[in-house]
Amino acid sequence: MKKSLTRSLFALAILASMSSCATVFGGRVTEYQRTKPAVGQPAREIRAGALIADVFLFWPGAIVDFATGAIYRPK
């Protein structure tokens with residue numbers, strides 16, 4: 001029993017570290033976050049905390065966050 005619990009907790013810890021922070025914890029992605037700004041419009045702001053967490057925990061998670069648009073702050 002104790003061995004299976006330890007393995008389950010270890011698997012959960014690895015799964016959590018391989019996820020992208022802004023996608024998992026950032027909430028629903030809005031249309032503003034999904035669309036690229038047009039020419040002449042200001043760039044979207046990035047969630048600094050999520051980016052830092054992605055870099056330190058699992059850097060490929062940042063790729064997922066940028067691809068989904070979850071890394072950008074909602075309007």
> Below 4.5 Å, heavy atoms only, C-beta onward: do F66 and I46 meet side chain to side chain?
Replying inline: yes
>> On a heavy-atom basis, which atom in R47 and which in A22 lie closest, and how many Å separate them?
In response: NH1-O, 4.1 Å
> Atom NZ of K75 and atom CD of Q33: how far apart are they, to the nearest 0.5 Å?
Replying inline: 12.0 Å
>> Minimum heavy-atom separation for D54 and A62, please, with both atom names.
In response: OD2-CA, 3.5 Å
> Which pair of heavy atoms, one from Y32 and one from R73, lies closest together, and at what distance?
Replying inline: CE2-O, 3.4 Å
>> Is there a continuous path of hydrophobic side-chain contacts, each under 4.5 Å between heavy atoms, that joins L51 to Y72?
In response: yes
> What is the distance from atom CZ of F10 to atom CG of L5, rounded to the nearest 0.5 Å?
Replying inline: 14.0 Å
> Which residues satisfy the salt bridge (Lys or Arg N to Asp or Glu O under 4.0 Å) test with R34, sequence neighbours excluded?
Replying inline: E31
